[in-house]
Each structure stands twice: as structure tokens, then as C-alpha cells.
K.L.:
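Handing you a structure now.
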Amino acid sequence: MEDKKYFFAVDLGATSGRTIVGSIDGGRSELEELTRFPNNLIVQGGHYYWDIQGLYFEIIRGLKEASRRGLTITSIGIDTWGVDFVCIGADGAILRNPRAYRDPVTFDAMDDYLKHVIGKREVYDITGIQLMNFNSIFQLYAMRREQNSALEHAQKILFVPDALSWMLTGNEVCEYTIASTSQMLDPRTGQLDERLLASVGLSRSKFGKMVRPGTVIGVLTDEVQRLTGMGPVPVIAVAGHDTGSAVAAVPAKDEKFAYLSSGTWSLMGIETRDAIINDLSYERNFTNEGGIEGTTRFLKNICGMWLYERCRLEWPEEVRSLSHPELQGQAMAIAPFRSIIEPDNQMFAAPSSMIGAIQDYCRATNQPTPETPAEICRCIFDSLALRYRQVFQWLQEFAPFRLDVLHIIGGGSLNRYLNQFTANATGVTVLAGPQEGTAIGNIMMQAKAAGLVGDIWQMRQIIANSLELVRYEPQDKALWDAAYDKYLTIISK
């Protein structure tokens, strides 16, 4: 057992994080979770922050656990959510905890920037990135506007996974997939755009060297080696954006697929060689994010299980104590399509009450108001599936090939009700799994860097060999076609 080689993955989401070890043997991969911990959003002084030192502490704790078990760690890789960044001072110190993307300071920053600095179409044409108020460029603009002292004194700006890798190795890089979420990268050149940087008072020198997934960042510092009991283990730049790692793990057999990374956010897209930036992609606000092996993830962000998660927090204890399948099973007894919402409507972005926002939307569109948890849950699931259909149809228009299958990955791949609804709504086969897509993609990229895995398709074959996908076939076509017509009517009001 001691001779087996393991890859150590740090997988950080917006609410929790994990450290995981994985190995590859006989054309199959195996994963084991070492530690799990909350990622606490800190609210202080009217702003939202991430506890970057706390995350570093948890990575060290996970490495200590690997050492305690006597595991031989080949390399380490870190993936996180996108857009957020850390300011580093000239003395090598972190200048304040990084702002979180839901910080209220960004709410009007995008509109202000697009009105007074560079226009909406020009920003999109340079980056091909979906315009969202929390993208890094608008966070930086908001910080400049408030004369943020951390930004004013920053010698380097590192995106969150790069900052954690720097804390482990002392080396500063700018990993491509995470940089692509910033709305400051030109996918044609593969570099941060000088004009966009200058528009928020920055130069290229403020960021680390651009590296692609699979690059060795460095080895653990002497300090980290002492803390963990490990040797000079290399830290690898995996696809630092968690969606990039997740899409790398889609167990597809060929290019004719769409993917849905299903969690707090739903991200639906296709994998292409080149960015798709044109009038239609601009009109529909699609994004072009960096993938592995020079691919582009052409996708759209959809407000996913955020709706359900926020409602669950508001429900009384007797409802929250129900398991997800129990509550969702109750929702299936509710008449379908009784109430439908537009999941990406701005009123659901950060309401004081998600239940109230859903009820207000239904009243405003002259629909029955969902009152019980089961009615609200059914409304959310019906509406998400119909939104998925809309985006899937758009993707089919953009794709240079027919989309034969939709792969659902991430935690949402376990939601059998929503998976079946998604197959019904889109009219294509849905394959669900893996649940741990992000961690698997992280580990596979490390294995590729170590020479144990070849190209992306060999990676995907190993992943397919390692799990049993759950298949969902479309049902009730006429019913879902009629519901989609109703959805389109409601969202046009």
C-alpha cells in the first residue's frame, strides 16, 4: 500500500472545501476524501471576504493527514471558484483577505464601468466573456473607485488558486483557465489584454507568468515541508478554475456532447477549439473560458441550485431536517408547471428572502403563488429544466456538430428528479456522473503532468472506466413542449 503513488487535490467551492487523494491503476482511477471543511464567507464593515489564511491552514491540515497515513504524494493541484483574487504587497505579505464575488460593492460597478470606461460590446469582443457584475475587471474597477488601500499597494495580484499555490511554493503564476474568468483575457492571444488592464489602473507586471494546465509551479517551500512532514513535492497548475477541472472530467467518447456542471451554479456548454465571439453569442451573453489542451469552454452561467439552497435555509427546522430525496419526493406530488420562474432573473441574484422573491415573481406574472416547500421546490425544478432546454437549444445553434448527449457532472448529478426533467425538457439522452468531477479532473491533470496519462480522450476513457453513469431518456415530449411554450410566454412578460 505504501508503494502506491497518490495525487493530492485541493478542491475549493464557495461554501466548502475538500482535500482528496487519487491514484490510477489498471486504467481506472480511485479517489478518497481526506478532509472536508467549511469555506466561511466573512461579513465585516459592509463587505464580504474569504478567509485565505484559513484555506491555507486547511490545505496544510490535509497534507499532514496524508503524511500521517504514510501516503506517497506525487504532486499537488488546487482548483477553486473563479474571478476572485488576492493582493500581495512588496514585502511578500497578503494585503487583507480577498473580497468575495458577492460583495455588494460590485452591484453597480459593471454598469458604471461600461458607461464611463469601455463599452459593453467592446469588452465582450475582446474577451468573449459573459458580462456579470462580479467579474474580476468590475471588482477591480469598484476597488479603484473606493480607493481600496490593498489594491493601491499591491505588488502582485494572484487569483485564488494561484495565491494558494504561491503560499505553498513561493512562486507567482497566472494560470490560464482561472485568468479567463476575469474578463481581462483575450482568448485569441491567450494573454491578459493591456488596454483592459490599463482601464482599471493596472499593468501586466502586476500578474504572474501565464501558465497552462499541466505546468509545474514549483515545489513545497522548506517551511511547508517542515509543517507537513513532506519532501519537496511539486505543485502543478491544474485547471485552476473548478469548472475547467470538472469539464476535463466529462466521460465523453467524442466531441458531440454538451455538459452541465450542476451545483450552486449550473454551467452548460460545449467544448470547442476556438472561442465563439459574434453578434449572437454577444446577444445571448455566452462566455468563452479556457480549458485544458488549448480547448475553449463555450458556456452559459445559469442560476442553479442556489435557488433551492437559499429557500432551504429559510424553511423551518422540520423541513430542513428532511433529506433532499424526501423533500424532493414531496415536490413530485405537486402538479407540474403550476408556477414557473425565470431562474436567471436579476431578482433571484441576492434577495433578502428567496422564498419571497419567487412568490413575488409568480404574482407579478399572474401565476399561482407557491406556498409550501413542496410547491416551491417543484417550481424551481420545473423552471431550471425549462431554462436548460432554452440554453441547450442555443448551444445546438452554435455547435459545429450535432449534440447527441448531455453529460451532467458535479453534485447535481445525484438529483434524479432534475436529471429526468432535464432529459424530458431537452429531448436528448442525459448521462449523470461523475459527482466528483472537479476533483477527478484535478487529479487527472496531475497524472498527465506526471506522464501517466496521454491526451484528454485517454483521460476521459479512464474516468468512464472508473464509474457507472446513470442514463436518463426523454419522456412526455408533448407535455414538456407545451410547458416550454408557457415558459417562453412567462419570461417575455
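Below, each value reflects all heavy atoms present in this structure, side chains not excepted, and no hydrogens, waters or symmetry copies.
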K.L.:
If you look at every heavy atom in P161 and I178, which pair is closest and at what distance?
P.N.:
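Looking at all heavy atoms of both residues, the closest pair is CG-CG1, 3.7 Å.
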K.L.:
May I ask you to say whether R195 pairs ionically with D193, meaning some side-chain N is under 4.0 Å from a carboxylate O?
P.N.:
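No, R195 and D193 are not salt-bridged.
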K.L.:
Can you tell me if CD on E371 sees more than 12 non-hydrogen neighbours from other groups inside 6.0 Å?
P.N.:
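Check passes, neighbour count above 12.
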K.L.:
Would you say the side-chain atoms of Q420 and N424 include a donor-acceptor pair closer than 3.5 Å?
P.N.:
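The criterion, which ignores hydrogens and geometry beyond distance, is satisfied for N424 and Q420.
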K.L.:
Identify whether the distance between the nearest side-chain nitrogen and carboxylate oxygen of E309 and R320 falls below 4.0 Å.
P.N.:
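Not counted as a salt bridge, because no side-chain N and carboxylate O are separated by less than 4.0 Å.
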K.L.:
Take M210 and L185 through the side-chain contact (heavy atoms from CB on, under 4.5 Å) test and state the conclusion after the steps.
P.N.:
CA-CA 11 Å; M210 187 70 69; L185 184 139; 3.7 Å; yes
K.L.:
Can you tell if the side chain of Y308 reaches within under 4.5 Å of the side chain of L327, non-hydrogen atoms only?
P.N.:
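Of all side-chain heavy-atom pairs linking L327 with Y308, at least one is under 4.5 Å.
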K.L.:
For the pair D279 and R284, find out whether any cationic side-chain nitrogen is under 4.0 Å from an anionic carboxylate oxygen.
P.N.:
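No salt bridge links D279 with R284.
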K.L.:
Output yes when a side-chain donor or acceptor of D242 lies under 3.5 Å from a complementary backbone atom of G82, and no otherwise.
P.N.:
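It does not hold such a pair.
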K.L.:
Stepwise, does the side-chain contact (heavy atoms from CB on, under 4.5 Å) test hold for I277 with R188?
P.N.:
CA-CA 10 Å; I277 304 174; R188 303 170 192 84; 3.3 Å; yes
K.L.:
Quick one: does V105's side chain get under 4.5 Å of H47's, heavy atoms only?
P.N.:
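Sidechains of H47 and V105: in contact.
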K.L.:
Is the distance between the ring centroids of Y48 and Y101 under 6.0 Å?
P.N.:
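No, ring centres 6.0 Å or more apart.
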K.L.:
Under 6.0 Å from the CD atom of E397, do we count more than 12 heavy atoms belonging to anything else shown?
P.N.:
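Yes, because the 6.0 Å sphere around CD of E397 holds more than 12 heavy atoms from other groups.
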K.L.:
Evaluate the side-chain proximity of S136 to Q183: yes if any heavy-atom separation is below 4.5 Å, no if none is.
P.N.:
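Heavy-atom side-chain distance check fails, nothing below 4.5 Å.
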K.L.:
Given side chains that start at C-beta, do those of Q130 and N288 come closer than 4.5 Å, heavy atoms only?
P.N.:
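A side-chain contact under 4.5 Å is absent here.
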K.L.:
Looking at K486, I want to see if its NZ is surrounded by more than 12 non-hydrogen atoms of other residues, nucleotides or ligands under 6.0 Å.
P.N.:
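For K486, atom NZ is crowded (more than 12 foreign heavy atoms under 6.0 Å).
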K.L.:
Can you say whether the rings of F337 and W480 are parallel (under 30°), tilted (30 to 60°) or perpendicular (over 60°)?
P.N.:
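F337 vs W480 ring planes: perpendicular.
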K.L.:
Do the non-hydrogen side-chain atoms of L164 and V86 ever get within less than 4.5 Å of each other?
P.N.:
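A side-chain contact under 4.5 Å is absent here.
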K.L.:
How far does CD1 of I60 sit from CG of L55, to the nearest 0.5 angstrom?
P.N.:
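Result: 12.0 Å between the selected atoms.
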K.L.:
Report the relative orientation of the aromatic rings in F398 and F298; use parallel for angles under 30°, tilted for 30 to 60°, perpendicular for over 60°.
P.N.:
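Geometry flag for F298 against F398: perpendicular rings.
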K.L.:
Under a plain distance cut-off of 3.5 Å, with no hydrogens placed, do D112 and Y141 share a side-chain donor-acceptor pair?
P.N.:
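Distance-only check passes for Y141 and D112.
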K.L.:
Does M305 reach the side chain of N415, with side-chain heavy atoms less than 4.5 Å apart?
P.N.:
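Yes, side chains in contact.
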K.L.:
So, D79 and N442: side-chain donor and acceptor under 3.5 Å apart, yes or no?
P.N.:
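A pair is found: one side chain offers a donor N or O, the other an acceptor, under 3.5 Å apart.
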K.L.:
What is the ring orientation for F257 with H407, classed by angle as parallel under 30°, tilted 30 to 60°, or perpendicular over 60°?
P.N.:
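Ring orientation, 0 to 90° scale: perpendicular.
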K.L.:
Would W306 and F348 count as a side-chain contact (heavy atoms from CB on, under 4.5 Å) if you check the C-alpha gap in whole Å, the side-chain angles of each, and the deciding distance to 0.1 Å?
P.N.:
CA-CA 9 Å; W306 165 253; F348 304 126; 5.6 Å; no
K.L.:
List the atom of I157, the atom of A154, and the distance in Å for their closest heavy-atom pair.
P.N.:
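Minimum heavy-atom contact is CG1-CB, 4.2 Å.
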K.L.:
Do the side chains of D51 and N97 get nearer than 4.5 Å, heavy atoms only?
P.N.:
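When only atoms from C-beta onward are counted, D51 and N97 do touch, with a gap below 4.5 Å.
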K.L.:
Report yes or no: does R310 contribute a side-chain atom to a donor-acceptor pair with the main-chain N or O of E314 at less than 3.5 Å?
P.N.:
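Side chain of R310 to backbone of E314, a donor-acceptor pair under 3.5 Å: no, none is there.
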K.L.:
Let me see the working for T243 and S261 under side chain to side chain donor-acceptor pair (under 3.5 Å), right down to the final yes or no.
P.N.:
CA-CA 7 Å; T243 312; S261 181; 5.1 Å; no
K.L.:
Closer than 4.0 angstrom, basic N to acidic O: yes or no for R389 and D481?
P.N.:
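Judged by the 4.0 Å cut-off on N to carboxylate O distance, R389 and D481 do form a salt bridge.
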K.L.:
Salt-bridged, R61 to E58, with N to O below 4.0 Å?
P.N.:
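Salt bridge flag = yes for E58 with R61.
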K.L.:
For residues Y388 and S266, report the shortest heavy-atom separation together with the two atoms involved.
P.N.:
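Here Y388 and S266 meet closest at OH-OG, 2.7 Å.
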K.L.:
Salt bridge or not between R102 and D84? Use side-chain N to carboxylate O under 4.0 Å.
P.N.:
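No, no charged N to carboxylate O under 4.0 Å.
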K.L.:
Between R204 and F207, is there a donor-acceptor pair closer than 3.5 Å when you use the side chain of the first and the backbone of the second?
P.N.:
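Yes, R204 side chain to F207 backbone: donor-acceptor pair under 3.5 Å.
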K.L.:
Distance to the ring centre below 6.0 angstrom and angle to the axis at most 45 degrees; does that hold for R121 and Y282?
P.N.:
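Verdict for Y282: a cation-pi partner in R121.
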K.L.:
For the pair R145 and D108, evaluate salt bridge (charged side-chain N to carboxylate O under 4.0 Å, His left out) and give the outcome as yes or no after the intermediate values.
P.N.:
CA-CA 11 Å; R145 194 173 57 178; D108 71 332; 2.9 Å; yes
K.L.:
Working to the nearest 0.5 angstrom, can you tell me the gap between N301 CG and N285 CG?
P.N.:
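Spacing of CG (N301) from CG (N285) equals 9.0 Å.
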K.L.:
Under a 4.0 Å threshold between the charged nitrogen and the carboxylate oxygen, would D360 count as salt-bridged to R363?
P.N.:
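The answer is yes: the pair qualifies as a salt bridge.
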K.L.:
Regarding T296 and E289, is there a side-chain donor-to-acceptor distance under 3.5 Å anywhere?
P.N.:
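Not at all, the side chains of T296 and E289 share no donor-acceptor pair under 3.5 Å.
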K.L.:
As an exercise, state the distance from CG of L322 to CD of Q330, rounded to the nearest 0.5 Å.
P.N.:
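One gets 5.5 Å once the value is rounded to the nearest 0.5 Å.
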K.L.:
Please tell me whether E175 and T177 have a donor and an acceptor in their side chains that are separated by less than 3.5 angstrom.
P.N.:
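Side chains of E175 and T177: pair found under 3.5 Å.
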K.L.:
Are the aromatic ring centres of H241 and F159 under 6.0 angstrom apart?
P.N.:
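No, ring centres 6.0 Å or more apart.
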K.L.:
Taking the side chain as every heavy atom from C-beta outward, state whether L260 and L267 have any atom pair closer than 4.5 Å.
P.N.:
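L260 does not reach L267 side chain to side chain.
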K.L.:
Taking the basic N atoms (NZ, or NE/NH1/NH2) and the acidic carboxylate oxygens, is any pair closer than 4.0 Å for D344 and R387?
P.N.:
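So D344 pairs with R387 through a salt bridge.
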K.L.:
When you check the side-chain N and O atoms of Q191 and T189, is any donor under 3.5 Å from an acceptor?
P.N.:
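Per modelled atom types, Q191 and T189 side chains form no pair under 3.5 Å.
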K.L.:
Within the side chain of Q367, is there an N or O that forms a donor-acceptor pair under 3.5 Å with the backbone of I340?
P.N.:
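Judged by distance alone, yes, a pair lies under 3.5 Å.
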K.L.:
Between CZ of R99 and CG of L151, what distance do you get to the nearest 0.5 Å?
P.N.:
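It comes to 10.0 Å.
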K.L.:
Can you name the nearest heavy-atom pair linking I408 to S262, along with the distance?
P.N.:
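Between these two residues, the closest heavy atoms are CG2-CB, 4.0 Å.
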K.L.:
Do S281 and Y124 have side-chain atoms, one donor and one acceptor, less than 3.5 Å apart?
P.N.:
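There is such a pair (donor and acceptor under 3.5 Å, judged by atom type) between the side chains of S281 and Y124.
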K.L.:
Go through L63 and I76 one step at a time and tell me if the side-chain contact (heavy atoms from CB on, under 4.5 Å) criterion holds.
P.N.:
CA-CA 9 Å; L63 290 170; I76 298 163; 3.7 Å; yes
K.L.:
Between CD1 of I137 and CG of N135, what distance do you get to the nearest 0.5 Å?
P.N.:
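These two atoms lie 8.5 Å from each other.
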K.L.:
Is there a donor-acceptor contact under 3.5 Å linking the side chains of T106 and N133?
P.N.:
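N133 and T106 do have a side-chain donor-acceptor pair below 3.5 Å.
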K.L.:
Write down the atom of F392, the atom of A258, and the distance for their closest heavy-atom approach.
P.N.:
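Closest approach of F392 to A258: CE1-CB, 3.9 Å.
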K.L.:
Please give me the minimum heavy-atom distance between M143 and C87, naming the atom from each residue.
P.N.:
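Looking at all heavy atoms of both residues, the shortest contact is CE-SG, 4.5 Å.
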K.L.:
Between atom CG of L307 and atom CD1 of I302, what is the distance when rounded to the nearest 0.5 Å?
P.N.:
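One gets 11.5 Å once the value is rounded to the nearest 0.5 Å.
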K.L.:
K115 and D111: salt bridge (charged side-chain N to carboxylate O under 4.0 Å, His left out), yes or no, with the steps?
P.N.:
CA-CA 6 Å; K115 181 178 180 181; D111 291 341; over 6 Å; no
K.L.:
Classify the angle between the aromatic ring planes of Y113 and F138 as parallel (below 30°), tilted (30 to 60°) or perpendicular (above 60°).
P.N.:
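Perpendicular, since the angle between the ring planes exceeds 60°.
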K.L.:
Please verify the inter-ring angle class for Y487 with Y484; under 30° counts as parallel, over 60° as perpendicular, anything in between as tilted.
P.N.:
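Ring orientation of Y487 relative to Y484: parallel.
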